[in-house]
K.L.:
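The structure is given below, and queries will be raised subsequently.
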Amino acid sequence: MRCNTPYESLVDYQDCKLEQVAADEIRTHLGSCADCARMVADLGRLVPDLRGALAMPGPSQRAIEYARMLPRRLMEESRPSIGVRIASLMRDSRTRLGAAGARGEAPRAVQLLYEADSYLLHVWQERSSGQNWSIIGEALVREGGEPALVDAVLLTGSDGISQAALFTDDQFRLQGVANGAYRLQVSLPDADITVPYLLIGASD
Amino acid sequence: MPNPRPSDAKLIEACLSGDNRAWDALISRYQRFIYSLAHRLGCSDADSDDVFQVASLRLYQHLEGVRNQESIAAWLATLVRNEVYRLHRRRSVVPMSDLGLEESEAAGSLVGSREAAVTPEQAALASERQQMLLDALGELKSPCRELLSRLYHEDSPGYAMVAAELGLPMGSIGPMRARCLKRLEKKLRDSGY
Ligand SMILES: [Zn+2]
């Protein structure tokens, strides 16, 4: 036997929207109609779930904006003209004969010259105190030798800790750098130059 | 006639072909899922924001692989749990055991957890169920989608305002709500909710 109770009445009953008399009628009916009782029970789960889902908190507008802009930003970063160039070493004063005084004695200053595409990169190391070095560098446009505008310089040790360089005019400086192997990243407006293995201090 | 609500697979396909609007749609589909799961796992508002940003970056980077996943939600849930774990470990606030990455008695004692006695599995499951519900709601046609969203939202302005907003006669809201709930229930049953 099919029941004629409209679903709307069950919804209103479940939502406590019925007048007393109508609500009592439904309640009595539920005692004898398994179908309606099941539908009210289902609604009793669905409606709170729906309220819960609609109340789910969401990220801030700023975070959403960040997420939406990702494709555009990543596209810009991978623009072909911004490719990362690996610098190749042209000159290292430590390996030049007679440049570093007596054999076995660590030099007090080291000069390095790298090339990467249309740029030259000069890096000086000067011992400041004990095992610590000051690094001074500059990027030059290979053609003409004019200083290139450097945006940022990052020196990263083998422990993953990075130090950002300070700038004086066209030169960048890093202070208190300990002996060891580093990665140097130089950001120019149209290129990122990386020196993957920069040895500070002794040459061996 | 175009499907009003493209599937995840369709959206990802479109994202991969460079369609930024598809990416927007994908983000808006999953933003609350990602954020609220991080929240459930004990993150503050600001940390949940961070987790959401990292998760969206990872999603974008892995679209190719995610395309073949049966459920983006499950994939994202794992990602979010890992990110929350990483965040907590960096801060050393929550012991590893509390994030359910080790069996322990500590399950349910997430720092700042908004729901009592919640394990990470339960949190992910609850978020996935809510996402299923939002998905089913999103698949309903107009005006059901808007009607239910407005009526059952915590800040619902009530029948009269909703009727006015949606340009529907006041008297039609009650019966329509019942029909829409029935459709929603059927969709959920079909999707194994
Ligand atoms: Zn009945």
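Quick note: numbers below take in every heavy atom, side chains included, and nothing from hydrogens, waters or symmetry partners. Protein chains get the first letters and strands the later ones, always in sequence-line order, with residue 1 at the start of each.
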K.L.:
B:Tyr30 versus chain A, heavy atoms under 4.5 Å apart: side chain, backbone, both or neither?
P.N.:
neither
K.L.:
Angle between ring planes, A:Phe167 versus A:Phe172, binned at 30° and 60°: parallel, tilted or perpendicular?
P.N.:
perpendicular
K.L.:
Tell me yes or no: between the side chains of B:Arg179 and A:Tyr7, is some donor less than 3.5 Å from an acceptor?
P.N.:
no
K.L.:
Name the option with the most non-hydrogen atom pairs under 4.5 Å to chain A; the candidates are B:Leu151, B:Leu133, B:Leu59, B:Leu184.
P.N.:
B:Leu133
K.L.:
Looking only at side chains, do A:Thr194 and A:Gln185 share a donor and an acceptor under 3.5 Å apart?
P.N.:
no
K.L.:
Between A:Ala63, A:Pro59, A:Ala67, which shows the greatest number of heavy-atom pairs under 4.5 Å with chain B?
P.N.:
A:Pro59
K.L.:
Side chain from CB out, backbone as N, CA, C, O: work out which of these in B:Leu57 comes under 4.5 Å of a heavy atom of chain A, or both, or neither.
P.N.:
both
K.L.:
How would you list, in number order, the residues of residues 49-57 of chain A that have a heavy atom less than 4.5 Å from chain B?
P.N.:
A:Asp49, A:Leu50, A:Arg51, A:Gly52, A:Ala53, A:Leu54, A:Ala55, A:Met56, A:Pro57
K.L.:
For chain A, which candidate among B:Ser149, B:Ser28, B:Ala55, B:Ser48 shows the most heavy-atom pairs at distances under 4.5 Å?
P.N.:
B:Ser149
K.L.:
Is a side-chain donor-acceptor pair under 3.5 Å present for B:Arg40 with B:Ser127?
P.N.:
yes
K.L.:
Treating A:Asp117 as the side-chain partner and A:Tyr119 as the backbone partner, does any N or O pair qualify as donor plus acceptor under 3.5 Å?
P.N.:
no
K.L.:
Can you tell which of B:Leu148, B:Leu137, B:Leu134, B:Asp155 has the highest number of heavy-atom pairs within less than 4.5 Å of chain A?
P.N.:
B:Leu134
K.L.:
Hey, which of B:Met132, B:Gln61, B:Arg177, B:Gln131 has the most heavy atom pairs under 4.5 Å with chain A?
P.N.:
B:Arg177
K.L.:
Count the heavy-atom pairs under 4.5 Å between each of B:Gly174, B:Ser156, B:Cys15 and chain A, then report the option with the highest count.
P.N.:
B:Gly174
K.L.:
Just say parallel, tilted or perpendicular for the rings of A:His122 and A:Trp124, cut-offs at 30° and 60°.
P.N.:
parallel
K.L.:
For B:Ile34, is it the side chain, the backbone, both, or neither that has a heavy atom closer than 4.5 Å to a heavy atom of chain A?
P.N.:
neither
K.L.:
Contact part of B:Leu26 toward chain A, heavy-atom cut-off under 4.5 Å: side chain, backbone, both or neither?
P.N.:
neither
K.L.:
Under the side-chain hydrogen bond (donor to acceptor under 3.5 Å, both in side chains) rule, what pairs show up with a residue in residues 56-67 of chain A, not counting sequence neighbours?
P.N.:
A:Ser60-B:Asp49
K.L.:
Answer with side chain, backbone, both or neither: which region of B:Leu181 has an atom nearer than 4.5 Å to a non-hydrogen atom of chain A?
P.N.:
both
K.L.:
Using a distance-only test with no angle check, is there a side-chain donor-acceptor pair under 3.5 angstrom linking B:His39 and B:Asp45?
P.N.:
yes
K.L.:
Without hydrogens or angle criteria, can the side chains of B:Ser142 and B:Glu146 be said to hold a donor-acceptor pair below 3.5 Å?
P.N.:
yes
K.L.:
Answer yes or no: is the gap between the SG atoms of B:Cys180 and B:Cys144 smaller than 2.5 Å?
P.N.:
yes
K.L.:
Please state whether the side chain, the backbone, both or neither of A:Asp12 comes within less than 4.5 Å of a heavy atom of chain B.
P.N.:
both
K.L.:
Which bit of B:Glu154 comes within less than 4.5 Å of chain A, counting heavy atoms only: side chain, backbone, both or neither?
P.N.:
side chain
K.L.:
Looking at B:Tyr193, is B:Arg129 sitting on its ring face, NZ or CZ under 6.0 Å from the six-membered ring centre and within 45 degrees of the normal?
P.N.:
yes
K.L.:
Using 4.0 Å as the upper bound for N to carboxylate O, is an ion pair formed by B:Arg81 and B:Glu121?
P.N.:
yes
K.L.:
Measuring heavy-atom distances to chain B, does A:Leu10 have an atom under 4.5 Å in its side chain, in its backbone, in both, or in neither?
P.N.:
neither
K.L.:
Tell me if a side-chain donor or acceptor on A:Ser128 pairs with a main-chain N or O of A:Asn132 at a distance below 3.5 Å.
P.N.:
yes
K.L.:
Does any backbone or side-chain atom of B:Leu188 lie under 4.5 Å from a heavy atom of chain A? Answer side chain, backbone, both or neither.
P.N.:
side chain
